[in-house]
Each structure stands twice: as structure tokens, then as C-alpha cells.
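Beneath this line is the structure, given in C-alpha cells, with notes to follow.
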Amino acid sequence: MASISYSPAAFDGTSASDLLRSSSSGVTGIPLKTLGKVRFVVKRRDVIVAAMMRKMKKHEYPWPADPHPNVKGGVLTHLSHFKPLKEKQKAVTLDFEKPLVDLEKKIVDVRKMANETGLDFSDQIISLENKYQQALKELYLHLTPIQRVNIARHPNRPTFLDHVFNITDKFVELHGDRAGYDDPAIVTGIGTIDGRRYMFIGQQKGRNTKENIQRNFGMPTPHGYRKALRMMYYADHHGFPIVTFIDTPGAYADLKSEELGQGEAIAHNLRTMFGLKVPIVSIVIGEGGSGGALAIGCANKLLMLENAVFYVASPEACAAILWKSAKASPKAAEKLRITAPELCKLQICDGIIPEPPGGAHAGATWTSQQIKAAINETMDELTAMDTEELLNHRMLKFRKLGGFQEGVPIDPKKKVNMKKKEQTVPRSSKAELEGEIENLKQQILKAKESSTKPPEVALKNMIEKLKEEAYHEYSEAIRAMGLKDRLEMLREEVSKVNSKDRLMNPVLMDKIEKLKHELNQSLSAAPNYTILKYKLDMLKGVSTAKSLSKAATMKQEVNKKLSEIMGRPEIKEKLEALEAEVQSSGSSSFIDLDEGVKDKILKLKSEIELEMISALESLSLEVVIVKSNANPTSLSVFKNKVDNLNEEINKTIEEVVNSSELKNMMELLKLEKAKAEAGDVESESKIEALQQQIKQRISGVISSSELKGKHQELKAEISE
């Protein structure tokens with residue numbers, strides 16, 4: 001700041017440098033900078049010069065005095081203004097998370113007591129922590145849309161730069177729109193992931209109040225969108241794939257931004273992104289509001305974090321317009337369908353990236369790694385396309401959204417993207433099913449009487465029919481109980497996991513168990529429960545009959561093989577000769593026979609056994625020879641008891657094997673074995689783990705208290 005009074009006539013023959021170099025007060029050769037704010041007056045003839053200098057704040061450059069050359073991301077990361085926070089972010093508890101605070105307080109109190117008293121409270125602490133984790137999972141499994149909005153806006157939620165520095169090997173931020181401005185609300189830069197180079201563009205919120213003011217709360221001005229546009233052209237020119245991160249409540253809507261052409265800047269970005277010849281992936285990591293989000297979101301693939309939201313208008317704005325009150329925002333959030341699962345159903349979102357229980361801020365590094373995996377997977381798919389296919393893919397993604405025409409026949413090709421019409425399957429009445437089952441029973445009895453093969457084809461067809469009938473009854477029951485949407489969402493998640501050949505994560509397994517438990521609890525209240533139970537019982541009976549018929553068929557084949565062996569001429573001759581020899585000896589038991597006759601009998605027995613083993617193996621049966629010193633006559637008493645116990649054990653094992661959970665594990669085991677045969681080394685450890693789990697599940701059921709007790713009793717009787 002300076003104020004100068006002068007008379008033009010007074011400067012005749014005097015230079016400005018002379019005036020600043022000396023003064024009448026005798027101060028000579030002192031720089032103005034050293035005088036600071038000192039007011040000085042120079043009197044020369046009729047001239048008075050008065051000035052007041054202001055100390056300027058020294059600019060804080062991000063480059064440190066001693067930069068470390070081996071810093072993660074390369075030495076150029078020192079140029080970034082984004083540094084780790086000096087103070088830890090304060091924990092923020094959302095309204096719906098308050099029930100968990102009591103549990104947290106109890107854990108802290110018990111730990112404090114343990115430290116103060118020196119007593120061991122580890123069991124109590126572990127129990128409380130398990131309760132807390134279970135409560136947290138339960139809470140985050142059933143989030144409402146407005147709760148997801150609050151999580152997406154959480155003050156401690158990881159920002160764009162947090163994720164970028166977590167997932168990139170190297171990252172260099174690029175600044176400016178080449179028109180004199182650099183909007184801090186949009187950050188751009190080049191980075192590498194696993195050796196691949198990408199252009200990263202993202203909306204950056206602050207981690208505290210100071211940063212939020214600096215970043216304008218993540219609301220870009222036209223300068224930010226023009227900076228993003230410049231970087232898109234740069235990436236297109238050099239062939240870098242583009243990854244954009246969306247996290248904004250919307251574009252900044254003040255008067256100055258409108259004067260500078262906010263709408264034009266967004267429109268220019270929209271038009272340009274559809275013509276870029278490189279793959280584009282957009283990821284919504286927080287909230288994606290209106291055109292401000294779409295200006296960097298016209299991508300080939302749009303991915304969303306599990307608790308992110310993407311909307312045209314915020315729930316509060318929508319509630320204020322439709323219900324004249326922002327208090328109706330929970331209802332508005334539900335009707336807007338702004339969450340990731342809803343947008344996946346509408347085919348706006350192409351994939352959901354999981355978050356840990358508690359939200360992304362509860363495990364920022366883990367969430368970043370999920371984002372990294374999603375980027376690699378999506379880019380593998382997109383980079384395989386040529387330029388024309390890539391542009392067409394991007395165009396079709398947006399062309400198929402929300403369009404329809406009334407009264408115009410739909411092209412069969414377009415029906416692929418439409419919801420399939422639910423087929424109404426004609427259901428059989430109770431009397432019809434009973435008639436078919438009775439007819440099947442008669443066929444089985446006739447086959448048994450005539451010693452022919454049971455009607456396997458008829459049994460198989462009846463089982464398939466009953467399965468289909470039971471499935472549709474289950475569907476009706478689930479629809480009546482209001483669980484249909486949750487079941488469909490779970491199916492989508494499971495199909496995605498299966499398509500990636502991965503094991504199900506614990507969170508998904510918990511969701512399945514939770515829904516199964518809820519279904520079992522409330523199934524008896526379904527209006528069609530009686531007919532469903534009747535059909536399930538019939539299915540169980542027919543399945544048992546099929547198993548028995550299969551056993552009967554196998555028995556017939558075994559008897560046939562045995563008859564063939566015993567009917568051979570050489571075997572018959574040897575048997576007749578041995579019989580004559582035994583009769584001539586006059587012995588009444590095997591012990592009284594001569595040693596030579598005994599050897600002949602044992603030799604013939606071994607020969608017949610070997611023939612029988614080869615015959616059984618030809619039927620794909622595994623033969624195990626068991627030698628026993630027990631007297632057959634003494635054990636014949638327990639045959640029925642042993643058979644009954646074996647039948648009960650087999651029945652129990654069959655129920656376990658037919659359970660959906662074990663079937664899923666067996667399917668995964670088959671898949672991992674196929675991968676192992678193809679040369680996948682990692683599959684071997686997964687195969688061992690799955691085999692162990694299956695064995696534990698079956699052995700756990702067999703060793704139940706009831707079966708174990710029966711086995712012990714029978715064992716004691718036989719040993720006596």
C-alpha cells in the first residue's frame with residue numbers, strides 16, 4: 001500500500017531512482033523491503049513522497065527442503081499440495097449408527113478397567129467386539145437410500161486423491177486450463193497402475209473445513225471443466241485411457257460461474273467425451289450430482305461404490321419441490337432410485353464396487369484396492385475393442401437408457417435389454433399329482449415283480465416336474481412375504497462372483513444366511529405354505545424311490561454277474577469235486593476236514609473272490625476287502641440293527657449333500673479343479689480349503705449326539 005503526493009514542477013531534473021535512493025533525513029542505501037511498514041517522508045524542494053509498504057506472506061511451495069528420492073509414487077509427488085493431514089480426522093457418528101456407540105463405550109470401559117486393575121478381561125473384550133461386528137454387519141446389510149446418501153457425504157470418506165495415491169505406482173498432477181485459471185475442485189494428472197499409464201480426472205472434496213473452502217466443497221467452476229477437457233484432449237492425443245472419479249454435489253451455481261459459461265463448459269465436455277477414441281471408465285466414489293457429475297461421466301463403463309449415490313436432484317431439493325419440505329428427503333431418496341443396486345437394475349450403473357462394513361472410511365486402503373481391481377478388469381475388457389467398437393459401445397450405453405415408444409412393435413433384438421416376461425406355468429392340482437404318483441408306484445411294483453428294470457425315465461420326469469412345481473410355489477411364497485427384490489439382488493451379486501471364478505466373500509455369505517434364516521422363519525405364514533409342503537414331501541418320496549430303484553437295479557446287475565461266474569463250467573466242476581470230497585470224508589464241520597481239502601476250499605474261494613472283484617469293478621463299483629475273525633452266526637442277530645443305523649446315516653448324509661449350501665461348495669470345488677487342471681497354481685489351496693469345509697460339514701452332521709449315541713450302543717452290544 002502506498003500514497004504519494006507530488007507537484008509536477010518539482011520533478012524537473014530529478015530521476016525517480018534518485019528519489020528512492022536518498023532522503024533528507026539522511027537514510028541512504030537502505031532497501032525499501034527492510035523498512036517494512038515504517039512510514040517515511042522524503043522532502044525535496046516542493047515534493048513530498050509518502051509510502052507505506054505491506055509485508056507479503058512468503059509462498060509455501062510444496063517441494064520440501066530435502067526431498068526423499070525413493071518416496072512412493074516417485075519424487076515428483078513432492079509437487080502435489082495434497083499432503084497427509086497433521087491431525088487425525090475426528091470420528092463422526094451418523095444418526096443411524098448411534099446404537100453402536102453404546103457397544104463401543106462398553107468395550108472402551110472394559111479395556112480401561114483391565115488396564116487399571118491388571119485383571120484379564122480378554123474374553124469379555126472379544127465377546128463385546130464380536131457383538132459389535134455382528135451389529136455393524138446387520139446395520140449395513142439393510143441400509144435405506146437416505147442412509148446411503150449420508151454415508152456418501154460422510155466427512156471422513158476417502159477423497160479422489162486418497163484413492164489415487166493408494167492405487168497408483170506413480171502420479172503427477174497437471175494444472176491449469178491454459179486460460180489463466182486452475183480450479184482446485186477438479187484435479188487431473190497422469191498415473192500408472194501395474195505398469196499401465198492412465199489419465200486421472202476427479203472432483204476433489206476437502207478433508208477438513210479449511211480444505212473444503214479451498215476446494216469449494218468439490219463444486220467445480222467452468223475453469224475446472226475446461227481443465228478436464230484439456231486433459232481429455234491430451235489423453236486422446238497420446239492414447240492414454242481415461243479414469244474419472246465423480247464426487248460432487250453439483251457444478252458451482254453462483255453468478256460469476258454462469259457469467260463465465262458454466263452450461264457451455266459442461267455441454268462442451270459432454271459432446272467431446274462421446275468422440276474420444278480412448279477407453280473411459282467413470283467411478284462414483286461419493287455423491288454424483290446432476291450435470292456437474294455427468295460432465296466427466298460420459299464413459300464406456302460407469303462403476304459405483306456400494307454406498308455411493310448418483311442423482312439428477314438431491315433428495316432434499318426433490319422433497320422441497322414435490323412435498324414442499326426438506327423433511328420428506330427419506331421418501332424422495334427412495335423414489336428417486338439413486339443407490340448403486342437400483343441404478344444397476346436400470347442399467348445406468350455397470351458394476352458395484354464393494355465397501356467394508358462401516359463404509360469406505362472404515363477401510364480406505366481396502367476400498368482403494370477394490371477400485372484398482374475394478375479398473376484393471378474393466379480396462380482389460382475395453383482395451384480389447386477397436387476404436388469404432390469403443391465409440392459405438394459408448395453411444396449405445398446412453399442410447400438405451402429410458403427410451404420407449406408407445407404403440408410401436410418392439411424389435412426382437414431390443415427385447416434382450418428388457419425385463420423378461422414372467423411365464424405362467426400351469427400348475428397341477430393335488431388330485432392330479434396323487435394320480436400320477438399312484439401310476440408311478442404301480443409301474444415300480446410291476447418292475448419288481450417281473451425282476452425288470454424300474455421305470456427310471458418316468459421317475460426322472462416326475463422329479464423334474466415336482467421340482468418345477470415346488471420352485472414356483474416358493475416364488476409365490478417369497479413374493480407374498482415381500483422378499484422378492486432382496487432375492488433378485490442377491491442372485492445378481494452371486495452371479496457376478498461366479499462369473500469372476502472367485503470364492504464368495506464373507507459379507508455375501510452373511511447376506512445369504514440372513515435371507516435364508518428370515519425365509520425359514522416366516523415361510524409357515526405364507527398363504528400357499530400347505531400346498532408347498534405337500535409338494536416338497538412328494539418330491540422327497542419320489543427322490544427316495546429313485547435312489548432305491550437305482551440300488552435295486554445295481555443289485556440285479558451284481559446278482560447277474562455272480563450267476564455268470566458261478567455258472568462257468570470250470571467253476572462248477574471244481575465245486576462238484578469239492579462237494580464229493582467233503583461228503584466222502586464224513587466231516588460235519590470245516591474244522592474236522594483234512595488240511596488238503598481245506599487248502600482246496602480256500603483256493604477255490606480266493607479264485608471266486610478275484611473273479612467277483614473284477615466283475616464288480618466292471619460295474620464302476622469300488623471294492624474293499626475286509627477280513628474279519630468274527631463268527632457269522634453270532635453277528636446275524638445284529639444285522640437288522642446295523643442296516644437300520646446305516647440307512648439312517650445315509651439318509652442324514654443325503655439331506656446334507658442335497659442342501660443348497662453344500663451344493664454351492666461342490667460346484668465351486670468342481671470349478672477350482674477344472675482351473676487346477678488348466679494350470680492355475682492358486683486353485684490347489686482353494687481346493688484343499690473347500691474339501692476340508694465339505695468334510696467338516698458332513699462329519700459334523702454324522703457325529704451329532706443322536707446318531708453317535710445309537711452307534712455307541714450298537715457297538716457295545718456287538719462287543720459283548
Side-chain angles (χ1 to χ4, degrees), residues 88-144 147-148 150-151 154 156-158 305-307 353-370 483 486 489-490 493-494 497 502-522 656 659-662 664-665 668 685-686 688-690 692-701 703-705:
K88 190 178 179 181
Q89 289 176 297
K90 292 180 181 178
V92 177
T93 303
L94 301 173
D95 289 338
F96 67 90
E97 292 177 324
K98 285 179 181 176
L100 299 173
V101 175
D102 294 335
L103 274 173
E104 280 184 312
K105 192 178 178 183
K106 282 181 184 177
I107 294 169
V108 172
D109 289 343
V110 173
R111 280 184 177 154
K112 188 178 178 182
M113 191 184 298
N115 292 332
E116 288 174 355
T117 59
L119 298 174
D120 185 14
F121 289 101
S122 56
D123 292 341
Q124 289 86 339
I125 291 169
I126 290 168
S127 175
L128 285 170
E129 284 178 344
N130 288 338
K131 281 183 183 178
Y132 176 80
Q133 290 299 327
Q134 188 61 33
L136 185 67
K137 284 180 183 177
E138 290 286 334
L139 184 64
Y140 273 78
L141 278 173
H142 305 100
L143 290 171
T144 62
Q147 287 172 346
R148 291 193 190 274
N150 292 330
I151 295 169
H154 198 285
N156 298 344
R157 193 169 177 85
L305 285 182
E306 189 178 348
N307 294 316
I353 301 171
E355 294 183 28
H361 51 281
T365 306
W366 187 87
T367 309
S368 296
Q369 293 311 308
Q370 300 304 308
L483 300 174
R486 281 175 60 191
M489 286 167 61
L490 263 181
E493 291 183 44
V494 171
V497 171
R502 294 178 185 167
L503 290 175
M504 290 189 193
N505 59 20
V507 176
L508 187 55
M509 290 291 285
D510 283 345
K511 286 183 181 178
I512 294 168
E513 287 299 325
K514 176 77 176 173
L515 185 60
K516 190 196 293 183
H517 178 71
E518 194 172 335
L519 178 61
N520 291 335
Q521 288 289 324
S522 54
V656 176
S659 66
S660 59
E661 186 178 358
L662 208 63
N664 288 337
M665 293 171 83
L668 285 171
S685 60
K686 291 182 181 178
E688 289 179 9
L690 282 168
Q692 192 66 23
Q693 288 177 19
I694 292 167
K695 285 177 183 176
Q696 286 175 358
R697 194 61 55 86
I698 294 172
S699 64
V701 173
S703 60
S704 65
S705 57

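Because the structure is a prediction, the values reported are computed rather than measured. Computed from heavy atoms alone, side chains included, the values below leave out hydrogens, waters and symmetry copies.
Checking side-chain atoms of His154 against main-chain N and O of Ala360 turns up no donor-acceptor pair under 3.5 Å. Side-chain atoms of Ser127 do not come within 3.5 Å of backbone N or O of Asp123 as any donor-acceptor pair. Judged by distance alone, the side chain of Gln370 and the main-chain N or O of Ile353 form no donor-acceptor pair under 3.5 Å.
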- Pair Lys511-Arg486, side-chain contact (heavy atoms from CB on, under 4.5 Å): steps then yes or no: CA-CA 10 Å; Lys511 286 183 181 178; Arg486 281 175 60 191; over 6 Å; no
- Message: With side-chain contact (heavy atoms from CB on, under 4.5 Å) as the criterion, how do Lys131 and Lys106 come out once you've worked through the C-alpha distance, each side chain's angles and the decisive distance to 0.1 Å?
- Response: CA-CA 11 Å; Lys131 281 183 183 178; Lys106 282 181 184 177; over 6 Å; no
- Tell me, with the steps shown, if Met113 and Gln124 meet side-chain contact (heavy atoms from CB on, under 4.5 Å). CA-CA 12 Å; Met113 191 184 298; Gln124 289 86 339; over 6 Å; no
- Check the pair Glu306, Leu143 against side-chain contact (heavy atoms from CB on, under 4.5 Å), reporting the backbone distance first and the verdict last. CA-CA 11 Å; Glu306 189 178 348; Leu143 290 171; over 6 Å; no
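Here the CG atom belonging to Asn520 is positioned 9.5 Å from the CG atom belonging to Leu515, to the nearest 0.5 angstrom. To the nearest 0.5 Å, atoms NZ (Lys105) and CG (Leu128) are separated by 14.0 Å. Between the CG atom in Leu483 and the CE atom in Met489 there is a gap of 12.5 Å [rounded to 0.5 Å]. For the atom pair CZ (Arg157) and CD (Gln89), the distance works out to 13.0 Å, reported to the nearest 0.5 Å. One distance of note links NZ of Lys98 with OG1 of Thr93; it measures 8.5 Å at 0.5 Å rounding. Here CG of Asp109 is found 11.0 Å from CD1 of Ile125. Values are rounded to the nearest 0.5 Å.
The pair Arg111-Glu129 meets the salt-bridge criterion, with a side-chain N (NZ, NE, NH1 or NH2) lying under 4.0 Å from an Asp/Glu carboxylate O.
There is a side-chain donor-acceptor pair under 3.5 Å between Tyr140 and Glu97.
The two residues Glu355 and Trp366 make their nearest non-hydrogen contact at C-CZ3, 3.7 Å. Residue Ser522 comes nearest to Glu518 through the heavy atom pair OG-O, 2.8 Å, listed as atom of the first residue, atom of the second, then distance. The shortest heavy-atom contact between Phe96 and Gln147 is CB-NE2, 3.3 Å.
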